[in-house]
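Every chain is numbered from 1, with letters handed out A, B, ... down the list of sequences.
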Amino acid sequence: MQLLLIHSDFIEFEAKRPTKLAEEVEDSAKKGRLDEALCAFIAVEKFDEDDTDAVIAEGAKQVADVANQVKANRIMIYPYAHLSSSLSTPATAVKILKGMADVLSENYEVMRAPFGWYKAFTISCKGHPLSELSRSIRLGEGEVVSEALKSEAKAVSYWRVLDLDGNLVDADQFNFEGHTNLQKFANYEISKARAVDKVPPHVELMRRLELVDYEPGSDSGNMRYYPKGRLVKSLLENLVLEKAADMGAMEVETPIMYDMEHPTLKKYLDRFPARQYQIDSDKRKLFLRFAACFGQFLMGHDMSISYKSLPLKMIEMTRYSFRREQRGELVGIRRLRAFTMPDMHTMTRDMYSAIEEFRKQYLASIDVLREAGLEVEDYEVAIRFTQDFYKENQEFIAGLVDIIKKPVLIEMWDERFFYFVLKFEFNFVDTMDKASALSTVQIDVENADRYDINYIDESGARRRPILLHCSPSGAIERVMYAILEKAARLSLQGKLPMLETWLSPTQVRIIPVAERHQERALALAGILGFRTDIDDRDETVGKKIRDAGREWVPYVAVIGDEELQSGQLAVTIRSESTPKSPAKKSMTVDELKERLTGETKGKPWRRLPLAMRLSERPRFI
RNA sequence: GCCUCGGUAGCUCAGCUGGUCCAGAGCGAUUGACUUGUAAUCAAUAGGUCGCGUGUUCGAAUCACGCUCGGGGCUCCA
C-alpha cells in the first residue's frame, strides 16, 4: 500500500463520472468536503491481497499516527491509483479502503471518496514540515510463514536419553556424569537456556587466517571467501562429494530458484519450517531454495526408474542453499543465510530397505566427519522419531547407539508433524555450549506422494519409493566452523591449533635465510610438490617463523648455508610442537615428502591458492 | 522483531567530563639501509570530510536527537 498524506486547510471533491471499476454509491456520497483534515491518498497494491486484515490494521495505524502528529481530527480517505504501478484488484482495494475508514472512524471524523470514479478535487495544503508525508506499507515482505513454522510450536516432544543398554530414560532423570557435552546439548535443545556474552572464537580465526569474512555489501549471513577459505571449503566439498560417489550417488545440479505458485512446491513450502528469500521477477514470485529437495524430486518425478536401480541416490553440493534466518541468529559461519549444503536423496523400495540405507548413511556420516577432522567425541547424537516408529523398530534404534558407544538424546513425538518418521543429527557443541547440527539423515514418507515419484517393481506395477534425505556432513561452512572451534578449544588447552595437513592452505613453507638461498628454495619447492610456498620477503628469519606460526603452517623448513652443505632440511613440525617448544627435526626432502604423502593420502587435493612467493601476495584484511 | 554494544588511516584500536598535545598509536603498505639461523631489524614516507544528517554552542570526533550499517544477546534454530 502506498500512502500520500497531506495535512490540509480543506479538501473537497466531486465524483464526476464512473469508470468501469466504479463502486456504487448514493448520490450524497458523490460530493464531500472536510476542513482542517488529514487527507490520505491511498493506492492498494498487489501484495496487500495476501492479508487484507493486517493491511487494514497497519494502514489505519500509520494514518492515525500522522493524524496525531499534526493534531488533525478529520481524515479523508481518498483512493489514488497513480501512486503505484502494481495495483490490487478493485474488490480488494474497496474492501481495504472501507476497512480503514471503519477502523479510523472510531476515533476520527472520517469521509471516504468513492472508488473508481473520475473525481474533481481541490486541496489546500498547509505547507508546514509535516504537512506532506508518504508511507509505504509492505507487510511481511519476503516472508512467508509456513504452516510448519506455525505448527511447530504446537508439536509436543518427549525428551529421553537412550543409553548403551537400550534403556530409554527421561532426560531430566538421566545421570549425565561423564557426558557433559551431551548434557549441554540436551539443555540446549530442551530448556533452550544459555547465557553467552562472548564472540565465538571461530569468528576471529576465520578472519585472521584470511579464510572467510563478512560482506557488508550483501545481506547478513552472506559471506565472502578469500583464496585460502575458498580452498579449504572446496577441499571439504570434494571430500563429501567423493564419499557420496563411493556410496553410489550421482551428482546433479538443479536451479537455485523456483516458482512460488508451483502447486507441488507450494505444498512443500508449507511443510518446511524455514523462511525464504523471495524474488519478484516480472510477474512471477520466486523463492530461493533452502535445500536441493525440490530440484531432485522434480527430476525424480520425470524419471523412469526400475526396481533394479534402487536404492537410487542423487547428490548436489548446493552452492547455495538459502534460509532467511532471523538477523540475531546469525553468528560468524555457524549459521548463515546462504550456505553450501551437500544434499543427497535416496529412493528405496520400501521401509525395510529405507532403514537399511539409514544405517549405512549413519555410518558414512561418521566417516565423513572423521575424515574432516571431527571425531565421535567431538559431537553429540540426537535421534528423533514418532512413537509408532519406535515401537516397531526399537532394536534398530538401539543398534545406532551401539555404533557410537555413547548415550544419545532422543526426541519422540506422539504423532508425525513433519514429513519424516525418523531422523538423526550429529551436533557439535562448542566452547560456549552452543549446539549446531552437522550430519543428518531423515526417512521421508510424504514427498514421494507429493511429487508423484514412482518406480516399477518386478511385476511391472508402479510403486511409491520411500525417500531418504541425507547431508553427510551438514553445511560445509558449519564444518569449517566446527573445525575452527575445535582448534580454538585445543589452543585453550595449551596446544598449538592447526588444520589437518590435507586442509592446510600452505602445507610446507620454505624460509630462505638470505637472498642467496632463494634459488635453492625455489628448486626445493619444485621437487617437493604439495602446497609449498616460499617466504622470500625482506624480513628476518624470526619474523618469518612467527608469521608461519600465525598461519598454522604444518611444516616450516629453513634453508641456509648449513642446509646447502648437508642437503638436509631443518623442519619445524607444528603437530609435534607446543607453544613453548618447537619440534625441530633435520630431514631429507624425501623424508618430508613421504610424511606429507602419508598425511594427505586419499584426501582431495588442490594446488596452492596464492602466489608461491610471499613477496607477491596481496593482503586481504 | 526486541535488547545491547559499536562505526576514528587498509587492519586493531586510543582520544570522547567540548577549545594548538584533537586528528593519534601499533600493525600493514611503500621506499631505503641491513643479507639476516628459528615467535616482531632499523629508519623514512604516504593514508582519514572521526558512519550520515540535524541541532545545542563563539567553538563538536567529543553533547542531544534522528537515520544508517555492523557485532553480540534474546526470540528462533532441520
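- When atom types are taken as modelled, the side chain of A:R574 and the backbone of A:P497 share a donor-acceptor pair closer than 3.5 angstrom.
- Put simply, the side chain of A:R478 gets close to the backbone of A:A437: a donor and an acceptor are under 3.5 Å apart.
- Looking at heavy-atom distances under 4.0 Å, A:R550 makes no contact with the nucleic acid at all.
- For the P atom pair drawn from B:U62 and B:C16, the interatomic distance equals 13 Å after rounding to whole Å.
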>> If a pair means Watson-Crick or G-U wobble with both distances below 3.5 Å, what does RNA chain B look like in dot-bracket form, with | marking bases paired to a different strand?
In response: ((((((((.[[[[.)...(....]]]].(((((.......))))).....[[[[[..)....]]]]])))))))....
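- There is a side-chain donor-acceptor pair under 3.5 Å between A:E425 and A:N427.
- Ring-centre distance between A:F426 and A:F428: not below the 6.0 Å cut-off.
- Between the side chains of A:T254 and A:Q296, no donor-acceptor pair of N or O atoms lies under 3.5 Å.
- Between A:F620 and A:Y226, the ring-plane angle classifies as tilted under the 30° and 60° cut-offs.
- Atom-to-atom, OH of A:Y214 to P of B:C11 comes out at 15 Å; the value is rounded to the nearest Å.
- Closest to the side chain of A:R335, out of B:G72, B:C11, B:C77, is B:C77.
- Distance noted for atom P between B:G19 and B:A39: 46 Å (whole Å).
- Only the P atoms considered, B:U49 is 14 Å distant from B:G24, to the nearest whole Å.
- The CZ-P distance, from A:R208 to B:C11, rounds to 17 Å in whole Å.
- With hydrogens and angles disregarded, no donor-acceptor distance shorter than 3.5 Å links the side chain of A:Y451 to the backbone of A:G300.
- For A:R546 and B:U41, the CZ to P distance is 9 Å, given to the nearest whole Å.
- Taking atom P on both nucleotides, B:U17 is separated from B:C3 by 26 Å, rounded to a whole Å.
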> What string of B, S and - do you get for nucleotides 28-38 of chain B 5' to 3' if you count protein non-hydrogen atoms under 4.0 Å?
Replying inline: S----BBBBBB
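- Taking atom C1' on both nucleotides, B:U8 is separated from B:G47 by 13 Å, rounded to a whole Å.
- Taking atom C1' on both nucleotides, B:A46 is separated from B:U36 by 27 Å, rounded to a whole Å.
- Between the CZ atom of A:F339 and the C1' atom of B:C77 there is a distance of 11 Å, rounded to whole Å.
- Along RNA chain B, the nucleotide closest to A:E425 and the one closest to A:G549 are compared, and the more 5′ of them pairs with A:G549.
- Relative ring orientation between A:Y258 and A:F287 is described as tilted, the plane-to-plane angle lying within the 30° to 60° band.
- Atom CD of A:E204 is separated from atom C1' of B:U12 by 10 Å (rounded to the nearest Å).
- Among the atoms of the strands shown, only primed sugar atoms or phosphate atoms (P, OP1, OP2) are found under 4.0 Å from some heavy atom of A:G332.
- For the residue pair A:S504 / A:T501, no side-chain donor-acceptor distance below 3.5 Å is found, with atom types taken as modelled.
- One P atom belongs to B:C2, the other to B:C67, and the distance between them is 11 Å to the nearest Å.
- Base orientation at B:G47 is syn, since its O4'-C1' glycosidic dihedral falls within 90° of 0.
- If you take CZ of A:F185 and P of B:C77, they are 14 Å apart, rounded to a whole angstrom.
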>> Let's go through A:E446 and A:R416 carefully: what are the C-alpha distance in whole Å and the side-chain angles of both, what is the deciding distance for salt bridge (Lys or Arg N to Asp or Glu O under 4.0 Å) to 0.1 Å, and is it a yes or a no?
In response: CA-CA 11 Å; A:E446 219 175 75; A:R416 185 163 62 83; 2.8 Å; yes
